[in-house]
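Okay, structure first, notes after.
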Amino acid sequence: MASLRYDGISGTMKPAQFDYAVPNTVEEAARLLAESNGDGKIIAGGQSLMPMINFRLVKPSILIDVNRIAGLNRIELVGKRVRIGATVRHHQTASDPLIAKHLPVVHDAMQHVAHVTVRNRGTFCGSVAHADPAAEMPMVTRFLDGTIIALSIRGERRIPAADFFVGSLVNSLEPDEMVLAVEIDVMPDEAGWGFEEFAKRHGDFALAAFAATLRMDNGRARDVRIGMMGVGEVPLRLPEIEEILEETELSQAVLQAVAEKLNDILTPNTDIHASADYRRHLSGVLAKRALRSAWVRAGGRKEATNG
Amino acid sequence: MVEKTITVGVNGMSYTRTVEPRMLLSDFLRQELTLTGTHVGCEHGVCGACTVLLDGRSVRSCLTLAVQVDGSEIETIEGQGEIDRLGRVQEAFRQHHGLQCGFCTPGFIMAVTDLLRHHPLESDEQIREALSGNICRCTGYENIVNAVRELARERGPLT
Ligand SMILES: Cc1cc2nc3c(=O)[nH]c(=O)nc-3n(C[C@H](O)[C@H](O)[C@H](O)COP(=O)(O)OP(=O)(O)OC[C@H]3O[C@@H](n4cnc5c(N)ncnc54)[C@H](O)[C@@H]3O)c2cc1C
Ligand code: FES
Ligand code: FES
């Protein structure tokens with residue numbers, strides 16, 4: 001009865017019923033999560049969870065809102081790692097000086113995430129927990145080999161990103177575990193990086209994205225890391241591509257070899273947005289652009305890769 | 001399911017209500033407070049029609065629960081101006097014909113209010129990117145961009 005809904009008296013509700021708790025400490029949040037016996041959900045920014053709740057795709061018995069827990073909204077340098085707390089919002093990450101200095105590829109990737117209004121609420125850790133295979137923060141966390149710090153009433157557990165993303169929208173948290181923070185090693189000061197993505201409209205989920213970091217040693221690429229998203233069930237790190245680039249001088253021929261290898265190894269889906277073939281082609285194009293940027297930023301000559 | 005009593009500031013007025021946790025902020029504004037200027041289009045975060053300010057930052061009210069804003073300040077289109085005394089952003093949209101049917105307009109006005117407070121808006125590209133979270137089916141956006149360009153010029157660079 002649509003007419004009942006917006007006439008100023010209480011009408012129907014979109015979501016199914018749930019209870020709501022606002023813990024003040026992480027210990028309390030972990031306890032509430034444990035007590036919910038797997039039916040509870042943490043809510044951070046709500047920018048992915050609320051659409052699913054509105055569609056009743058998710059019907060939690062209780063929502064545990066971590067937004068009022070003090071101290072979780074910080075980005076800190078802990079030794080040689082940048083630690084991003086559970087309620088750090090996208091707009092914070094986008095403009096944070098520590099991120100810009102120590103994780104410039106994360107800074108660049110963040111500029112592609114959603115729209116201003118969504119970034120005002122959405123969180124880094126919420127995005128990682130959500131594990132969307134076309135989301136930028138899971139991708140950078142994976143290819144930079146970050147660590148997810150999980151908390152439950154049983155204590156803390158450190159989960160390497162390589163073991164965290166296990167499927168599309170599936171992570172390896174136990175039902176009673178929440179993400180406390182994500183930690184990522186700082187990039188070396190001399191490292192070059194490139195991040196390229198293609199989306200149909202700014203802020204939409206990407207059809208594909210490609211990221212690279214490397215440093216230069218005697219005119220050759222070293223410590224090459226390659227990440228991709230939008231082309232598989234999980235965010236990818238691609239050792240096959242890293243091998244091609246390691247200890248080479250970047251050239252047209254090397255870039256071509258990368259594009260061909262991507263074409264061989266990637267198995268993207270065809271969906272309403274793009275075909276698998278288109279995504280494979282796009283991957284090669286984005287790879288070339290990102291690698292050129294990374295190479296030049298690491299101190300390489302531009303001419304080597306042009307032509 | 002336990003109902004919660006919340007106190008929320010909306011456009012400078014304080015309201016106390018008891019609501020179910022599942023009540024969306026958009027429905028709270030429209031149904032409980034009869035502030036129907038906040039529109040709902042998609043109700044899953046895509047269109048931006050429901051944009052309001054929460055403690056000074058734009059948010060999608062359809063992706064926010066009323067219980068989450070207990071103790072917070074909300075600004076909606078109703079606080080922006082009156083028919084015979086439009087707010088500055090409203091006036092710029094009117095002058096530049098930045099609206100036709102007006103369905104998307106409250107969301108745009110609130111989003112632009114946040115943009116003017118927090119974002120550089122130095123080029124048309126930046127303006128278009130900043131507006132990308134709001135959908136308009138009528139205007140083709142050109143006149144909205146024109147209005148925002150004028151507002152950004154008038155404001156000057158962010159300090
Ligand atoms: C219109 C629109 C466009 C978008 N475009 C993009 C885009 O281009 N790129 C992109 O990456 N994202 C995009 N997003 C998603 C956005 O970035 C989300 O904010 C983000 O994916 C989820 O973060 P959140 O804090 O909102 O999480 P929530 O929605 O609160 O939670 C998401 C999931 O993670 C779980 N969760 C959250 N925090 C924790 C925690 N601390 N511990 C355990 N579990 C937790 C929740 O239970 C839920 O299952 C878009 C969203 C919208 C609405
Ligand atoms: S109604 Fe909230 S974004 Fe469309
Ligand atoms: S004016 Fe009609 S949707 Fe924008």
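Order of the sequence lines fixes the chain letters, A, B, ..., with proteins taken first and strands second; residue numbering starts at 1 for each chain.
Among the candidates A16(A), A114(A), G45(A), the residue making the largest number of heavy-atom pairs closer than 4.5 Å to chain B is A16(A). Ranked by heavy-atom pairs under 4.5 Å with chain A, the list P21(B), S58(B), G45(B) is led by S58(B). The residue among L65(B), N134(B), L35(B) with the most heavy atom pairs within less than 4.5 Å of chain A is L65(B). Counting heavy-atom pairs closer than 4.5 Å to chain B, the top-ranked of the candidates Q47(A), R119(A), M52(A), R201(A) is Q47(A).
With a 4.5 Å cut-off on non-hydrogen atoms, V22(A) does not touch chain B at all. Of the atoms belonging to L24(B), it is side-chain heavy atoms, and not backbone ones, that fall under 4.5 Å from chain A. Looking at H119(B), only its side chain comes within 4.5 Å of chain A, counting heavy atoms on both sides. Only the side chain of L115(B) comes within less than 4.5 Å of a heavy atom in chain A; its backbone stays farther off. For a residue to count as touching a neighbouring chain, one of its non-hydrogen atoms must lie under 4.5 Å from one of that chain's; by this rule L54(B) touches chain A with the side chain only. Neither the backbone nor the side chain of L131(B) comes within contact range of chain A; no heavy atom of the residue lies under 4.5 Å from a heavy atom of that chain. Interface residue E129(B): backbone and side-chain heavy atoms are both found under 4.5 Å from chain A. Contacts of I62(A) with chain B are absent, with no heavy-atom separation under 4.5 Å from either backbone or side chain. Proximity to chain B (any heavy atom under 4.5 Å) is shown, for I53(A), by neither the backbone nor the side chain.
Judged by distance alone, with hydrogens and angles left aside, the side-chain atoms of R30(B) form a donor-acceptor pair with the main-chain N or O of T38(B) at under 3.5 Å. Judged purely by atom type and a 3.5 angstrom limit, R279(A) uses its side chain to pair as donor or acceptor with the backbone of N269(A).
Exactly one residue among V179(A), V26(A), L33(A) makes a side chain to side chain contact (heavy atoms under 4.5 Å, CB included) with L151(A). That residue is V26(A).
The two residues C62(B) and C50(B) come nearest to each other via the heavy atoms N-SG, 3.4 Å.
Under a 4.0 Å N-O distance rule, the pair R17(B)/E3(B) does not qualify as a salt bridge. Salt bridge present: R31(A) and E35(A) bring a charged side-chain N and a carboxylate O closer than 4.0 Å. Of the charged side-chain nitrogens involved, none lies within less than 4.0 Å of a carboxylate oxygen, so that E43(B) and R60(B) do not count as a salt-bridged pair.
Counting only N and O atoms by type, the side chains of S127(A) and D132(A) include no donor and acceptor under 3.5 Å apart.
Ring geometry, H112(A) versus F195(A): the interplanar angle falls from 30° to 60°, so the pair is classed tilted.
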